[in-house]
Undergrad: 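Just passing along the structure, written as structure tokens.
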Amino acid sequence: MPSLFDPVTLGRTTLSNRIAMAPLTRNRSPGAVPNDLNVTYYEQRASAGLIITEGTPITQQGQGYAQVPGLYLPEAVEGWKRVTAAVHSAGGKIAVQLWHVGRVSHTTLQPGGAAPVAPSAIRAKSKTYIINDDGTGAFVDTSEPRALELSEIPGILEDYRRAARAAVEAGFDAVEIHAANGYLIDQFLRADTNHRTDDYGGSIENRTRFALEVVKTIVDEIGAERTGIRISPVTPANDASDPDPQPLFNHLVEKLAAYDLAFIHVIEGATGGPRDNLPFDWAGLKAAYRAKGGKAVWIVNNGYDRDMAIEAVESGHADMVAFGKLFISNPDLVRRLKENAPLNEADRNTFYGGGAEGYTNYPTLALSA
Ligand SMILES: C=C(C(=O)O)c1ccccc1
């Protein structure tokens, strides 16, 4: 069986190891445009087998947090070109996470101060990050959303298509469709957030329709070999919940098997929290996908340490393991895991917003070590 430190083929790309950098929102791109500090941050972490960028809104409507980089402005595409060029020059591979937050937003972030959109007009018991007039950042309650009209869905699919095309133009090796953590696609998937009575609501078939239409739109535009998806079957993040997630997500991955995707990225348990918050058959989910012919690289995430990650790959539970917080404080995480070297602790006070402090100033191991 392969080791965590072996190469792996993802789509048409060969990754140097099976360690992924998980998407991490850092709120350090004012105006939604990637900047020099972002270039340095990602370049420092290029030894990851695959970097998956922070959530990157496909439109302003899809933005739910202040100062996150988007893929909907020409200057943002130019900024991302500098990021991908730096990561590639350092020998890395990088995918961008295409994100629409749906109801997890605030009117001050929405075009024209409008209400955020969602499958149904059900407010998330959650918070989002805005910048006050005095420049200070603050987590505030999300705004009341409005339900999307059926006629608006083709337009959002077009937004995903355009963003995927822009990602290829910006030099990304792949895109990750953000279908996790209670954001728009996840809101459609779950019965507790999707009360629609049209073809996008009710049955599991209908509630997975939007996710599969996003996948098909992006695969048709840039190819399955450059397309992945992230799901989080039992997370409570952003007030996500469903009475029976196992059949819902087994059905979703069985349908995904037809698309020959590059990767499927699974958050096991509560995002950033307990891995056993709800009962779920993770091996059963992967088996359901493989049984339908699905060949995508299977990436697992959430609370993995070095021993767990080594075991997950060697046992065949996963093909890759994604690390989030550990990549914040250890730009050279791959080397540290390979050498079983000490790990820097992350400073939670600098996770969101700010500048170089807690972003690009974490130390790497001395070369001679
Ligand atoms: C994109 C995020 C996610 O997937 O949960 C996110 C957003 C804000 C803070 C932390 C994480």
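Computed from a prediction, not measured in an experiment: that's the story for all the values here. Counting starts at 1 for both ligands and their atoms, following the listed order.
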Undergrad: Output the distance between atom CZ (Arg336) and atom CG (Asn344), rounded to the nearest 0.5 Å.
TA: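 It comes to 4.0 Å.
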Undergrad: For the residue pair Arg230 / Asn301, report whether a side-chain donor-acceptor contact shorter than 3.5 Å exists.
TA: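 Arg230 and Asn301 do have a side-chain donor-acceptor pair below 3.5 Å.
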Undergrad: Which residue owns the protein heavy atom closest to atom 5 (O) of ligand 1, what's the atom, and how far is it?
TA: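 Answer for atom 5 (O) of ligand 1: Asn181 ND2, 3.1 Å.
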Undergrad: Does Tyr183 have a non-hydrogen atom less than 4.0 Å from ligand 1?
TA: yes
Undergrad: Taking the six-membered ring of Tyr352 (Phe, Tyr or Trp), confirm whether the NZ or CZ of Arg28 is under 6.0 Å from its centre and within 45° of its axis.
TA: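 Not flagged: Arg28 not positioned over aromatic ring of Tyr352.
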Undergrad: Report yes or no: does Trp99 have a heavy atom closer than 4.0 Å to ligand 1?
TA: yes
Undergrad: Is the number of heavy atoms from other residues, nucleotides or ligands within 6.0 Å of NZ (Lys255) greater than 12?
TA: no
Undergrad: Would you tell me whether Ser105 and Gln110 have side-chain atoms, one donor and one acceptor, within less than 3.5 Å of each other?
TA: yes
Undergrad: Decide whether an N or O pair under 3.5 Å exists between His178 and ligand 1.
TA: yes
Undergrad: In the protein, which heavy atom is nearest to atom 6 (C) of ligand 1, and how far is it?
TA: Thr25 OG1, 3.4 Å
Undergrad: How far is atom 10 (C) of ligand 1 from the closest protein heavy atom, and which atom is that?
TA: Tyr352 OH, 3.5 Å
